[in-house]
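Below: the structure, in structure tokens.
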Amino acid sequence: MPVCPEVLGGLPTPRMPAEIIPVDGERSVSRGALVRTVDGADVTRQYLEGARRALLLGLQAGCYKAILKARSPSCGLDKVYDGTFSKHLCQGHGVFAELLLSHGFQVYTEEDPGIPEL
């Protein structure tokens, strides 16, 4: 089932690029990092709300696997942009990917070889 956590959180399409901004060295939004747009707007609340809503939709539909968008601040798995808007990557998960993993989902990106059939 296709979902876009950012849209579910109330953000428009198209929208300004956003990245996870570390706070006190923490890169996880669930532990204090922020999500900001390239022009400085704090969209952390929308990312968290959208991830929560997308998770609930997935659970209600009986989902347990997800294919997400690589490097996205919402859907990135293992690597996301580092918060400097310089296209540099760092270790970490997007907001939605982290939430899915914490709920036992099997998570992949469109770049993973051998994505299982959903």
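Just the heavy atoms: all of them, side chains too, but no hydrogens, waters or symmetry mates, feed the values below. On a predicted model such as this, the values are computed, not experimentally measured, just so you know.
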Original post:
Would you say the side-chain atoms of E19 pair up with the backbone N or O of G83, donor to acceptor, closer than 3.5 Å?
Top reply: yes

Original post:
Going only through I, L, V, M, F, W and Y residues with side-chain contacts under 4.5 Å, is there a path from L59 to V107?
Top reply: yes

**OP:** Measure across A18 and V43 and return the closest heavy-atom pair with its distance rounded to 0.1 Å.
**Re:** CB-CG2, 4.3 Å

Original post:
Quick check: does any side chain N or O of H88 sit under 3.5 Å from a backbone N or O of T84, one acting as donor and the other as acceptor?
Top reply: no

Subject >> Heavy-atom side-chain contact between Y81 and P73 under 4.5 Å >> reply: no

**OP:** Count the heavy atoms of every other residue, nucleotide or ligand shown that sit under 6.0 Å from CG of D24, and state whether that count exceeds 12.
**Re:** no

Subject >> Separation of D39 CG from M16 CE (nearest 0.5 Å) >> reply: 4.0 Å

Original post:
Backbone N or O of L34 within a donor-acceptor pair of the T44 side chain at under 3.5 Å?
Top reply: no

**OP:** Return the minimal non-hydrogen interatomic distance between P5 and A51, and the atom names on each side.
**Re:** CB-N, 4.0 Å

**OP:** Please check if V35 and V38 belong to a single hydrophobic cluster, counting links between Ile, Leu, Val, Met, Phe, Trp and Tyr side chain heavy atoms closer than 4.5 Å.
**Re:** no

Original post:
Does some side-chain heavy atom of V29 sit less than 4.5 Å from a side-chain heavy atom of Y47?
Top reply: no

Original post:
Does any pair with a residue in residues 4-14 pass side chain to side chain donor-acceptor pair (under 3.5 Å), and if so which ones, sequence neighbours excluded?
Top reply: T13-R15

Subject >> Residue pairs passing the salt bridge (charged side-chain N to carboxylate O under 4.0 Å, His left out) test where at least one lies in residues 95-110, sequence neighbours excluded >> reply: K69-E110

Original post:
Are Y64 and L101 linked, directly or through other ILVMFWY residues, by side chains that come within less than 4.5 angstrom of each other?
Top reply: no

Original post:
Would F85 and I21 count as a side chain to side chain contact (heavy atoms under 4.5 Å, CB included) if you check the C-alpha gap in whole Å, the side-chain angles of each, and the deciding distance to 0.1 Å?
Top reply: CA-CA 10 Å; F85 295 94; I21 309 299; 4.2 Å; yes

Subject >> Flag side-chain contact, heavy atom, 4.5 Å: Y108 against L68 >> reply: no

Original post:
Is a salt bridge present between R45 and E49, judged by a nitrogen-to-oxygen distance below 4.0 Å?
Top reply: no

Subject >> S30 side chain to S28 side chain, donor-acceptor N/O pair below 3.5 angstrom >> reply: yes

**OP:** Mark yes or no for whether H93, through its side chain, and D78, through its backbone, hold a donor-acceptor pair below 3.5 Å.
**Re:** yes

Original post:
What is the minimum heavy-atom distance between M1 and G58, and which atoms define it?
Top reply: SD-CA, 4.4 Å

**OP:** Give the C-alpha distance, both sets of side-chain angles, the deciding distance and a yes or no for side chain to side chain contact (heavy atoms under 4.5 Å, CB included) between D82 and R27.
**Re:** CA-CA 9 Å; D82 69 0; R27 293 192 173 277; 4.2 Å; yes

Original post:
When clusters are formed by joining ILVMFWY residues with side-chain heavy atoms under 4.5 Å apart, either directly or through shared neighbours, do L8 and V95 land in the same one?
Top reply: no

Original post:
Does L48 reach the side chain of F96, with side-chain heavy atoms less than 4.5 Å apart?
Top reply: no

Subject >> Side-chain donor or acceptor of R71 paired with backbone N/O of V80 under 3.5 Å >> reply: no

Original post:
Same cluster or not: are L100 and L77 linked, directly or through other Ile, Leu, Val, Met, Phe, Trp or Tyr residues, by side-chain heavy atoms under 4.5 angstrom apart?
Top reply: yes

